[in-house]
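First the proteins, then the strands, lettered A, B, ... as listed; each starts at 1.
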Amino acid sequence: MSYNPFSTLLDPAILFFFFGLFAGAVRSNLSIPPPIAKFLSLYLLMAIGFKGGVSMASAGLTWGMVAALGVALFMAFLVPAYTYWFLRSRLSAFDAAAIAATYGSVSAVTFIAAVAFLEQQGVAFGGYMAVALVLMESPAIIMAVLLANTARSRNPASNGDAAVMPSAGKILHEAFTDGAHLLLLGSLAIGFITGDAGKKVMDPFTGNILKGMLAFFLMDMGLLVASRIRELRLNAKVLAAFALVAPLINASIAIGLAYALGLGVGDAFLLAVLSASASYIVVPAVIRYAIPEANPSLYFSMSIAMTFPFNITLGLPLYFAAVTTLWS
Amino acid sequence: MSYNPFSTLLDPAILFFFFGLFAGAVRSNLSIPPPIAKFLSLYLLMAIGFKGGVSMASAGLTWGMVAALGVALFMAFLVPAYTYWFLRSRLSAFDAAAIAATYGSVSAVTFIAAVAFLEQQGVAFGGYMAVALVLMESPAIIMAVLLANTARSRNPASNGDAAVMPSAGKILHEAFTDGAHLLLLGSLAIGFITGDAGKKVMDPFTGNILKGMLAFFLMDMGLLVASRIRELRLNAKVLAAFALVAPLINASIAIGLAYALGLGVGDAFLLAVLSASASYIVVPAVIRYAIPEANPSLYFSMSIAMTFPFNITLGLPLYFAAVTTLWS
Amino acid sequence: MSYNPFSTLLDPAILFFFFGLFAGAVRSNLSIPPPIAKFLSLYLLMAIGFKGGVSMASAGLTWGMVAALGVALFMAFLVPAYTYWFLRSRLSAFDAAAIAATYGSVSAVTFIAAVAFLEQQGVAFGGYMAVALVLMESPAIIMAVLLANTARSRNPASNGDAAVMPSAGKILHEAFTDGAHLLLLGSLAIGFITGDAGKKVMDPFTGNILKGMLAFFLMDMGLLVASRIRELRLNAKVLAAFALVAPLINASIAIGLAYALGLGVGDAFLLAVLSASASYIVVPAVIRYAIPEANPSLYFSMSIAMTFPFNITLGLPLYFAAVTTLWS
Amino acid sequence: MEPVKRIEIVVAEFVLPDLFEILKRRRTGGYTVATGLSGRGDRGVQTGEGTAGEFANACVVIACPEAAITDLLDDVRKLLKLYGGMCLVSDAMWLKH
Amino acid sequence: MEPVKRIEIVVAEFVLPDLFEILKRRRTGGYTVATGLSGRGDRGVQTGEGTAGEFANACVVIACPEAAITDLLDDVRKLLKLYGGMCLVSDAMWLKH
Amino acid sequence: MEPVKRIEIVVAEFVLPDLFEILKRRRTGGYTVATGLSGRGDRGVQTGEGTAGEFANACVVIACPEAAITDLLDDVRKLLKLYGGMCLVSDAMWLKH
Ligand SMILES: Nc1ncnc2c1ncn2[C@@H]1O[C@H](COP(=O)(O)O)[C@@H](O)[C@H]1O
Ligand SMILES: Nc1ncnc2c1ncn2[C@@H]1O[C@H](COP(=O)(O)O)[C@@H](O)[C@H]1O
Ligand SMILES: Nc1ncnc2c1ncn2[C@@H]1O[C@H](COP(=O)(O)O)[C@@H](O)[C@H]1O
Ligand code: NA
Ligand code: NA
Ligand code: NA
């Protein structure tokens with residue numbers, strides 16, 4: 001092959017991520033005001049959801065769509081299950097469940113970076129992949145909460161405060177009405193309803209300036225990652241290894257399934273990225289509340305300080321190289 | 001007629017309003033950071049003012065302009081007067097005055113949604129309608145403050161604190177220098193001064209991304225409306241009825257006057273919308289300070305939780321259907 | 001000459017600056033939320049840096065570039081030196097050093113306004129001028145800190161708290177890793193690396209909406225300047241004079257050097273603007289920390305309330321008229 | 001260290017200019033202000049939001065010698081009566097520097 | 001003026017809804033809330049940031065009569081045990097208006 | 001509940017890193033920080049604004065046992081002397097959890 005997928009490391013948005021990392025590493029006082037960071041995050045969710053909805057509107061129900069969503073859903077159950085099983089003997093049930101939720105769920109920003117990657121490479125993919133993103137968000141969370149509840153009921157020592165533990169209904173409510181999750185879903189629906197007419201009026205906002213907004217957001221992520229890396233104390237080396245190896249395993253499984261089902265290159269790549277990515281917005285929002293016994297400096301730090309930077313820098317070109325090699 | 005004005009309910013911005021309502025109703029934790037909401041609000045005021053100024057710059061003084069501004073000014077005095085007269089027997093003088101100010105003044109965002117509606121329908125309107133918007137903001141406020149002052153001076157019981165009540169001069173100052181009001185005025189002036197040359201450089205900001213910014217803003221409004229609806233306790237049914245019927249009456253009067261004076265369809269529609277709309281930014285900002293005796297959970301809630309959503313969902317297509325039917 | 005450089009006073013962005021001044025003067029409650037103001041500031045730094053980097057990427061090393069950067073660096077040492085020498089007899093060593101840093105360093109927003117000015121006039125300039133901006137930021141700060149340290153070591157009275165005074169290393173670190181400085185540098189590098197390909201994807205964000213964002217930012221600056229003018233108490237008239245005369249002197253020297261070295265009109269104008277401008281972001285951020293003995297209501301107020309408004313209103317057309325006259 | 005009174009006043013944001021005027025008139029010296037607060041009180045819930053900060057509260061903390069507070073509290077009481085809010089007074093020690 | 005207890009509770013932002021429920025149940029009356037705070041405690045550093053406010057703390061101040069606080073503090077203690085945070089109680093005078 | 005000292009320090013935002021260093025050195029344990037505050041003091045008005053937060057203050061609240069504060073206050077005093085600000089100390093009860 002004559003081209004180099006690692007050339008995307010020279011994309012402005014990715015470079016701003018590196019710049020953020022650098023500024024954080026030299027302890028610059030550079031910072032994005034938190035309300036802006038939140039707005040950028042909402043903007044990205046809106047843009048990606050809307051875009052996916054629009055492209056679904058013009059597409060019919062195809063085998064590729066059914067197969068891709070099937071793989072997505074399968075991975076959403078497989079990853080948390082095997083992660084929990086693997087970590088249970090090494091960590092508390094609560095920490096194992098929290099990490100399972102984190103790696104079983106997905107990162108919308110990693111997905112957006114992957115979409116930008118594909119567009120840069122000129123490779124097509126299905127609009128329904130945004131639906132895959134939505135579908136993969138919740139199953140792992142719900143599994144993790146159930147696992148934690150089981151563990152909790154077996155351990156009467158911690159039952160003294162059961163009175164204030166949120167009820168199962170409340171937690172399900174949290175998982176399904178979380179703002180990030182709902183906005184993605186809502187934008188997808190609105191994109192689907194308004195289709196090309198909607199796209200025409202929204203595109204200067206949701207399309208044209210997306211790269212710049214993403215660059216700003218990734219700069220902030222770089223700053224955040226740098227500060228989290230500094231505090232990272234993963235006593236168990238196995239966790240550090242997990243944070244870097246799990247993405248490779250999950251991506252490989254997804255690629256294998258996509259190949260077996262005859263999906264296209266773009267869809268296979270995005271399924272790999274989704275499976276490899278770990279949540280750092282929706283999952284912590286729900287898990288801190290639902291499994292307070294779990295230690296965020298494990299599950300959150302692994303996700304944000306190791307898996308996220310790995311995926312958007314080395315992961316994307318790696319998965320893409322794997323897919324194009326296999327498919328060619 | 002072959003087309004359906006209610007199709008605008010499928011505009012992305014309006015759909016994001018419904019989405020916000022939904023997210024609020026299911027008590028999602030979705031929220032727009034307050035500084036962002038304020039920025040979006042300032043942005044919309046700047047964009048609409050600038051746009052109006054630019055289109056005024058290329059137009060001369062016409063009969064349509066004089067007539068439209070005449071109707072606007074007339075409505076700005078008529079609505080608060082009859083509202084106060086109608087409510088005075090049912091509420092305290094302070095509440096009656098505050099509601100009169102609210103319904104006599106206007107909502108800039110409703111106006112923006114109406115302009116977007118017209119553009120979607122491909123119907124022309126005069127740039128001077130932005131001047132109508134500005135003209136209609138203040139008269140009702142000043143009338144209400146005068147009415148409240150009269151009521152206050154008649155009631156010596158509350159005079160003990162007269163010492164700290166703001167003076168008339170201070171209140172006038174507040175009404176005329178309120179940030180939202182001034183920004184609209186300033187942008188109008190700047191648009192007028194810079195004309196097409198200004199438009200060329202500003203349009204990517206004030207024009208192209210407007211729809212997306214409006215969508216974001218209306219999503220936030222949906223969230224706000226949902227939370228206000230929940231707290232809405234309008235003991236007097238008459239107030240709930242008023243919040244929905246007054247817009248219809250006010251729009252009808254405006255349409256009648258516009259018809260009599262031979263205005264165009266676009267101008268007539270916008271005058272109807274302005275008359276039907278109730279203020280929820282400028283008026284509360286001034287009235288809470290100037291008439292602290294009035295209860296915001298009446299005047300503000302009626303405006304934001306009933307009249308605003310009514311106008312931008314059902315009101316716009318209704319007024320448009322009425323105007324096009326009458327004019328055809 | 002048939003055209004009028006003062007016509008740029010009618011640029012929308014400059015008019016929004018005047019509007020902000022007006023709103024502040026009439027004590028309107030108009031305000032931009034601080035996180036938005038900070039975002040706009042970061043955005044402008046990113047946009048100008050990126051743009052400069054891109055245009056450097058397509059240019060080789062030229063005599064014009066070497067000469068322009070040479071003049072920039074020379075001015076960055078000359079201005080603080082003569083400023084300190086001039087003020088030392090009139091003020092405390094700390095105040096003199098702080099003002100020297102302020103006037104020796106530069107204002108990125110003034111530079112952006114100057115670039116917009118040139119683009120409006122259709123005059124070319126070198127992309128390396130963004131490098132000149134970066135080069136001129138730090139030398140004055142470092143000179144000032146050294147001067148203040150010398151003064152401090154001579155005055156044993158204030159030595160009691162030497163324990164808590166930041167060390168020289170810490171201050172250098174602050175000066176070089178200041179967020180605004182670093183972002184400018186980083187964006188320049190990213191623009192240089194990604195070149196035209198980067199420009200293509202980033203331009204809707206960093207280019208198209210720049211004027212509108214600048215207008216918003218300058219409106220906020222107007223509000224800020226108005227509030228600072230109100231508090232301005234420059235007992236020493238010499239300081240007020242300095243704030244208005246120093247820009248003229250510095251611009252003249254820069255123009256003279258540029259002329260002698262045969263630089264182009266655009267580059268000469270930008271060197272004049274950079275030399276004339278005074279810092280109000282990076283310098284105060286470092287100096288308040290490093291020279292706490294200096295009074296910000298002198299150095300900061302002179303810069304923001306006098307020199308900044310002077311430069312972006314009268315200064316730009318004046319310097320431009322001077323350059324075009326001399327070069328013609 | 002020196003004994004002072006710590007006064008903590010919560011009012012709606014739009015009341016701040018009037019409160020500052022009182023503080024100026026009563027010459028209490030320094031104060032610190034936090035804005036964008038939410039809260040609940042007799043006048044219902046303030047969410048800290050609203051496109052123009054309509055529902056935001058602010059909190060002003062004033063450290064001042066006991067002698068200075070009687071007149072101040074008198075004015076503050078009138079303001080609270082008109083616009084709602086709360087005012088707490090407690091004892092503290094001021095670190096001289 | 002009237003003696004009250006000033007209760008100051010710092011918790012992670014996501015704990016606020018549960019805390020408000022407690023305050024509602026215990027009918028302590030008014031409260032004031034500041035969000036977007038940062039801090040340090042047993043659970044490490046909270047930076048006040050994160051794209052969804054993941055690391056932000058909030059502080060709730062409640063002024064209420066001494067009689068009302070025993071049950072409240074009981075519930076708050078359980079909440080803090082679960083989610084971390086701190087609660088301080090001190091004396092203050094409430095300015096009646 | 002356990003008696004503690006409640007220390008409340010207001011400084012310009014840019015002073016925070018130095019203050020945190022002091023808190024680290026003096027091992028006072030937890031603290032809570034609010035930024036973006038405005039205020040007035042000997043050095044004039046801080047508006048809480050400025051494009052880089054130039055005029056914003058921050059408030060740090062520290063609850064710690066009385067024994068721990070002497071050295072801390074010593075360092076804080078030096079910092080305030082250099083950069084301005086205020087520090088109040090009062091009594092409070094800490095709710096154990
Ligand atoms: N008991 C209280 N404790 C703490 N804050 C209060 C209390 N009562 C009122 N407030 C604050 O003061 C604001 C206005 O109070 P009110 O006028 O009673 O609605 C409320 O929104 C709260 O922020
Ligand atoms: N001693 C303390 N003084 C002030 N704030 C504290 C203290 N301990 C904890 N906090 C606050 O409570 C939050 C949660 O505490 P923790 O659960 O101990 O990590 C911290 O992030 C601080 O904001
Ligand atoms: N007496 C006071 N009461 C409350 N806050 C104060 C007081 N004095 C100073 N401050 C705060 O400390 C900051 C710096 O004070 P200063 O260094 O005196 O200007 C001020 O901007 C206020 O926020
Ligand atoms: Na995953
Ligand atoms: Na109206
Ligand atoms: Na300069």
Tell me whether the count of non-hydrogen atoms from other residues, nucleotides or ligands lying under 6.0 Å of CZ in Phe18(A) goes above 12.
yes

Those residues that, when tested against Val45(E), pass side-chain contact (heavy atoms from CB on, under 4.5 Å) (two or more places apart)
Glu231(A), Arg40(E), Thr47(E)

Give the ring-plane orientation class for Phe300(A) versus Phe55(E), where under 30° counts as parallel, over 60° as perpendicular and anything between as tilted.
perpendicular

Atom CZ of residue position Arg27(A) - does it have more than 12 heavy atoms of other residues, nucleotides or ligands inside 6.0 Å?
no

Does any pair with a residue in residues 58-71 of chain E pass side chain to side chain donor-acceptor pair (under 3.5 Å), and if so which ones, sequence neighbours excluded?
none

Kindly say whether Pro292(A) contributes a backbone atom to a donor-acceptor pair with the side chain of Tyr83(E) at under 3.5 angstrom?
no

Gap between atom CZ of Arg43(E) and atom CZ of Arg288(A) - 0.5 Å precision
9.0 Å

